Amino acid sequence: MSVIEVRASRDYDVLVDECPIDSVGAIASTLAGDMAFVVSDSNVAPLYLGRVKDSLARAGFAAAQFVFPAGERSKTLATYGECLAAMAAAGVTRSSIVVALGGGVVGDMAGFAAATYMRGCRCIQVPTSLLACVDSSVGGKTAVDLPQGKNLVGAFFQPSAVLIDTTLLATLPGYFFTDGCAEIIKYGVIADADLLSLLEDPLTPGDDRLGETIARCVEIKRDIVQLDEHEGGLRRTLNFGHTIGHAIERASDFRIAHGHAVAAGMALMANACAKRGLCAREDAERVSSILAACGLPAASSFDARCLFEAARADKKRHGAEIDVVLMRGIGAVETATMDWDDFARLVEQACDGGYLR
Ligand code: GLY
């Protein structure tokens, strides 16, 4: 078991263990809420909602729920409005505890509902996808999408606890397990060469190394969030591969999942950085080959123009400029702000196969 303490605008613990899902009620008790409200999706609720409600009942909590259709296409203002309406109908108050039971979409939706309902109630994140375990459940980013772009409406709102249950990952469909590996690779590239080396031997769902690997990613994220909770600078490094990755997600109409899109985004950015002489060509090739070994894409079928146009809707844009994360080596990245002409050239360099296999 690992306990990672996060000290931010709200202090909380991230617990990485086997079966903390059955302790949701006990953790909610320590928060002394008046009731619990579980937000989940159509994939996860049939598997785990009963266990969470049993745990809450054992701790004496009345619990209501809102379950929405799984997938990024549900991460809309409409679904968010339905969630808030369900909370109001269930009698949720500012003293209640929202439980986010699911992957990244559920965590974002439930977290944003908790951040805004009655100006904020507490939220326990119970991530069920590898991607949510290593990244989105920690750090307090919550949001929904607009037709104009991903995560355009949201809030920084730290959870009150994060319960990461490694046993839930054993039943993840392969595509979604692999999807989370992309964010682990990201942590290796931005901050920890040893973590990246570990992935030369790809992780598998029942892998003994899973708990320690997740805990390491959470520690890296914790260290960054504690220094820059509201993404004034350092936290932007967590977006390595995400500008092009979000463009790929958007261009695919979200048929390509976040981690797969970010994987291609990282490979393309590494390629562009090598071409600009910012990092060694061998480092860019290594990123691509580890992605490929883990079953992730290291290229995209969308052309540079398509990705450039999709990236213009990214929230990392400001005025005539956009923030990007450049790779300087394994474990070393830096942020930069580019005008559109320079960014267009970068995307061209990224997409021109060149160094990629
Ligand atoms: N997923 C990037 C961040 O939380 O900042």
Side-chain angles (χ1 to χ4, degrees), residues 4 6-10 12 14 72 75 100 102-112 114-115 123 125 127-145 149-159 162 164 176 179-192 195 213-250 254 257-266 269 296 311 314-318 322-327 333-335:
I4 298 123
V6 182
R7 301 285 169 258
S9 54
R10 188 197 305 273
Y12 55 98
V14 181
E72 184 77 28
K75 216 174 89 176
V105 171
V106 168
D108 266 5
M109 175 71 64
F112 187 44
C123 180
Q125 291 278 348
T128 61
S129 71
L130 181 58
L131 190 143
C133 290
V134 296
D135 192 57
S136 58
S137 64
V138 178
K141 274 192 182 175
T142 72
V144 296
D145 303 337
K150 203 170 143 72
N151 297 332
L152 289 186
V153 183
F156 287 100
F157 185 78
Q158 300 297 333
V162 182
I164 296 178
F176 291 103
D179 206 52
C181 291
E183 293 282 1
I184 300 176
I185 292 169
K186 175 193 82 176
Y187 283 108
V189 174
I190 68 168
D192 188 341
L195 178 61
T213 305
I214 293 170
R216 179 67 193 125
C217 293
V218 172
E219 281 169 0
I220 295 170
K221 183 156 192 182
R222 181 267 316 270
D223 292 347
I224 291 173
V225 166
Q226 287 187 167
L227 290 170
D228 180 22
E229 182 175 347
H230 296 108
E231 203 170 293
L234 178 67
R235 187 166 180 169
R236 289 185 201 150
T237 59
L238 292 171
N239 296 328
F240 177 61
H242 281 57
T243 302
I244 293 179
H246 283 174
I248 292 170
E249 271 185 283
R250 188 174 161 80
F254 298 102
H258 181 74
H260 284 69
V262 165
M266 290 191 288
M269 277 306 289
L296 286 158
D314 198 285
K315 67 183 181 319
K316 288 175 275 303
R317 176 187 72 157
H318 36 94
I322 186 164
D323 294 329
V324 293
V325 184
L326 303 170
M327 185 174 126
V333 290
E334 66 185 24
T335 57

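Indexing begins at 1, ligand by ligand and atom by atom, following the structure's order. Every value quoted in this text rests on a predicted model; they were computed, and no experiment measured them.
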Inset, instruction - For ligand 1, indicate whether the residue V225 contacts it via side chain, backbone, both or neither (heavy-atom separation under 4.0 Å). - result: neither
Inset, instruction - Could you tell me whether the side chain of D145 reaches within less than 4.5 Å of the side chain of D108, counting heavy atoms only? - result: no
Inset, instruction - Identify, for atom 5 (O) of ligand 1, the protein heavy atom at the shortest distance, and state residue, atom and that distance. - result: R235 NE, 2.7 Å
Inset, instruction - Please report which non-hydrogen protein atom sits nearest to atom 4 (O) of ligand 1, along with the residue it belongs to and the distance in Å to one decimal place. - result: K221 NZ, 2.6 Å
Inset, instruction - Compute both the distance and the angle, then confirm whether R7 meets the cation-pi test with Y12: under 6.0 Å from the six-membered ring centre, within 45 degrees of the axis. - result: no
Inset, instruction - Quick one: list whatever passes side chain to side chain contact (heavy atoms under 4.5 Å, CB included) with T213, sequence neighbours left out. - result: I184, L195, L198, L203, R209
Legend entry - Contact check: K141 vs ligand 1, nitrogen or oxygen atoms, below 3.5 angstrom: yes
Inset, instruction - Identify, for atom 1 (N) of ligand 1, the protein heavy atom at the shortest distance, and state residue, atom and that distance. - result: D135 OD2, 2.8 Å
Legend entry - Note: D135-K186 ion pair, threshold 4.0 Å (strictly below): yes
Inset, instruction - Only counting residues at least two apart or in another chain, list the ones meeting salt bridge (Lys or Arg N to Asp or Glu O under 4.0 Å) with E72. - result: K75, K150
